[in-house]
Student: 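Here it is, the structure, as structure tokens.
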Amino acid sequence: MRYGMVIDLDLCVGCRTCAVVCKEHNAQAPGTWWNRVFTPGSKYHQIPAEAEGGFSMYYLPVAPDPVL
Ligand code: SF4
């Protein structure tokens with residue numbers, strides 16, 4: 001059996017708590033982040049990307065592939 005996790009992107013506020021908890025739980029080495037949270041379209045986290053007609057911002061949490 002394989003487990004999966006579903007994240008409602010409409011509810012994600014980009015706080016990166018999932019990344020911090022994953023790092024702590026798995027005792028990852030300094031500088032290692034298996035979970036990451038991106039702000040698509042922007043070079044910086046939580047800075048909106050310029051979009052046609054204004055600005056756009058949402059967050060994209062990315063978990064590691066458990067098979068790797
Ligand atoms: S960054 Fe992670 S912990 Fe924070 S709201 Fe989004 S999915 Fe939840």
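Values below: every heavy atom of this structure, side chains too, minus hydrogens, waters and symmetry copies. Just so you know, ligand 1 is whichever comes first in the structure, and atom 1 is the first atom listed for that ligand.
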Student: Indicate the atoms forming the closest heavy-atom contact of Cys12 with Pro61, along with that distance.
Tutor: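 Smallest interatomic distance, heavy atoms only, reads SG-CG, 3.8 Å.
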Student: Considering non-hydrogen atoms of the protein only, which is the closest contact for atom 3 (S) of ligand 1, and what is the distance?
Tutor: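 In this structure, atom 3 (S) of ligand 1 has Cys18 N, 3.3 Å as its nearest protein heavy atom.
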Student: Considering heavy atoms of the protein only, find what lies nearest to atom 5 (S) of ligand 1 and give residue, atom and distance to 0.1 Å.
Tutor: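 The closest heavy atom on the protein side is Val13 N, 3.4 Å.
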Student: Just do the side-chain contact (heavy atoms from CB on, under 4.5 Å) check on His45 and Phe38 with the steps written out, would you?
Tutor: CA-CA 6 Å; His45 186 56; Phe38 297 105; over 6 Å; no
Student: With heavy atoms of Pro61 as the reference, note each atom of ligand 1 found under 4.0 Å away.
Tutor: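 Counting atoms of ligand 1 from 1, those under 4.0 Å from Pro61 are 7 (S).
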Student: Taking Asp8 for its side chain and Asp10 for its backbone only, find out whether a donor-acceptor pair lies under 3.5 Å.
Tutor: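 Such a contact is found between Asp8 side chain and Asp10 backbone.
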Student: I need the atoms of ligand 1 closer than 4.0 Å to a non-hydrogen atom of Cys12, numbered in the order shown.
Tutor: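 Those atoms are 1 (S), 5 (S), 6 (Fe), 7 (S).
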Student: Could you check whether any side-chain heavy atom of Trp33 comes within less than 4.5 Å of a side-chain heavy atom of Val20, counting everything from C-beta outward?
Tutor: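 Contact flag for Trp33/Val20 side chains = yes.
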Student: Is it possible for you to say whether Ile7 and Tyr58 belong to one hydrophobic cluster, with membership spreading through side-chain heavy-atom contacts below 4.5 Å?
Tutor: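 Shared cluster, no.
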Student: Rounded to the nearest 0.5 Å, what's the gap from OG1 on Thr32 to NZ on Lys23? Could you check?
Tutor: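 Nearest 0.5 Å value for the OG1-NZ distance: 5.5 Å.
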Student: Check each atom of ligand 1 against the heavy atoms of Arg16 and keep those under 4.0 Å away; list them by number with element.
Tutor: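 So the answer, numbered in order with elements, is 1 (S), 4 (Fe).
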Student: Can you tell me which residue and heavy atom of the protein come closest to atom 4 (Fe) of ligand 1, and the distance to 0.1 Å?
Tutor: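 Answer, as residue, atom name and distance: Cys15 SG, 2.3 Å.
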Student: Counting each atom of ligand 1 from 1 as listed, which ones have a heavy atom of Val37 under 4.0 Å away?
Tutor: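 So the atoms of ligand 1 that pass are 1 (S).
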